[in-house]
Amino acid sequence: MSNTAETIRHAVIRGRVQGVGYRAWVEHEALRQGLQGWVRNRRDGSVEAVFAGAAETVTAMIEASRRGPGGAGVETIDEHPGTTDDLTPCRPGERFSVLPTV
């Protein structure tokens, strides 16, 4: 990671984001960019994610999430600052986890 400030952001992505490979895409992109965190579907049809890493990389990941994979149709992303507690759901030994639906 770069020497810039570390940040954690919690995001809820709404739109056509389930059944289009969105979680797998987020996992792939986050790992490619060296981020920590997790992603999961929510029963309301949204996708929830936490991204942790260099501030500019986290910002770039959230911007990329506005596009998502082909077939996705992101309408909104509600995001706010996260805390280290938000990383707790990560599975032991995984840098970025795909979690069960909540």
Side-chain angles (χ1 to χ4, degrees):
M1 282 195 211
S2 74
N3 294 327
T4 60
E6 299 289 307
T7 192
I8 300 172
R9 300 293 292 176
H10 190 151
V12 176
I13 303 106
R14 292 185 173 83
R16 190 174 62 252
V17 292
Q18 290 191 14
V20 294
Y22 197 92
R23 287 177 304 160
W25 177 87
V26 166
E27 177 189 30
H28 174 79
E29 286 298 308
L31 288 171
R32 187 179 68 77
Q33 295 185 37
L35 295 174
Q36 290 181 279
W38 52 265
V39 63
R40 65 184 170 198
N41 282 344
R42 294 181 6 162
R43 287 188 183 89
D44 66 3
S46 65
V47 169
E48 180 180 18
V50 170
F51 303 113
E56 72 274 7
T57 306
V58 170
T59 298
M61 183 67 204
I62 290 172
E63 285 308 307
S65 296
R66 294 184 193 285
R67 295 182 303 277
V74 176
E75 293 173 7
T76 63
I77 296 182
D78 297 324
E79 59 166 306
H80 59 272
T83 67
T84 54
D85 288 344
D86 290 325
L87 294 173
T88 302
C90 282
R91 291 190 181 101
E94 290 185 353
R95 184 166 182 82
F96 199 90
S97 298
V98 177
L99 302 175
T101 300
V102 293

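Quick caveat, the model's predicted, so the values are computed rather than measured. Residues take their numbers from the sequence shown, with the count starting at 1. Any value given below was found using the heavy atoms of this structure, including those in side chains, with hydrogens, waters and symmetry copies removed.
In this structure the side chain of Glu6 never reaches within 4.5 angstrom of the side chain of Val58, judged on heavy atoms. Contact of the Cys90 side chain with the Phe96 side chain is not registered, since no non-hydrogen atoms from C-beta on lie closer than 4.5 Å. Contact annotation: the side chain of Arg14 approaches that of Arg42 to within less than 4.5 Å [non-hydrogen atoms, C-beta and beyond].
To the nearest 0.5 Å, atoms CZ (Arg95) and CG (Leu35) are separated by 7.5 Å. From Ile8, atom CD1 reaches atom CG of Leu87 across 4.5 Å, with rounding to the nearest 0.5 Å. Atom-to-atom distance recorded for Trp25:CH2 and Arg67:CZ is 6.5 Å, nearest 0.5 angstrom. The distance from atom CD of Gln33 to atom NE2 of His28, rounded to the nearest 0.5 Å, is 9.5 Å. Expressed to the nearest 0.5 Å, how far CG of Asn41 lies from CD of Glu48 amounts to 10.5 Å.
At distances below 3.5 Å, not a single donor-acceptor pair connects side-chain atoms of Arg9 with backbone N or O atoms of Thr59. At distances below 3.5 Å, at least one donor-acceptor pair connects side-chain atoms of Tyr22 with backbone N or O atoms of Ser65. Judged purely by atom type and a 3.5 angstrom limit, Ser97 has no side-chain atom pairing as donor or acceptor with the backbone of Leu99. Looking only at distances, no side-chain donor or acceptor of Gln18 sits under 3.5 Å from a matching main-chain atom of Asp44. For the pair Trp38 (side chain) and Asp86 (backbone), a donor-acceptor distance under 3.5 Å is present. Judged by distance alone, the side chain of Arg66 and the main-chain N or O of Val74 form no donor-acceptor pair under 3.5 Å.
Cluster annotation: Val39 is not connected to Val12 through the hydrophobic network of ILVMFWY side chains, with a link wherever side-chain heavy atoms come within less than 4.5 Å. Met61 and Val50 fall into different hydrophobic clusters, where Ile, Leu, Val, Met, Phe, Trp and Tyr side chains are chained together by heavy-atom contacts under 4.5 Å.
Here the closest non-hydrogen pair linking Ile62 and Phe51 is CG1-CD1, 4.0 Å.
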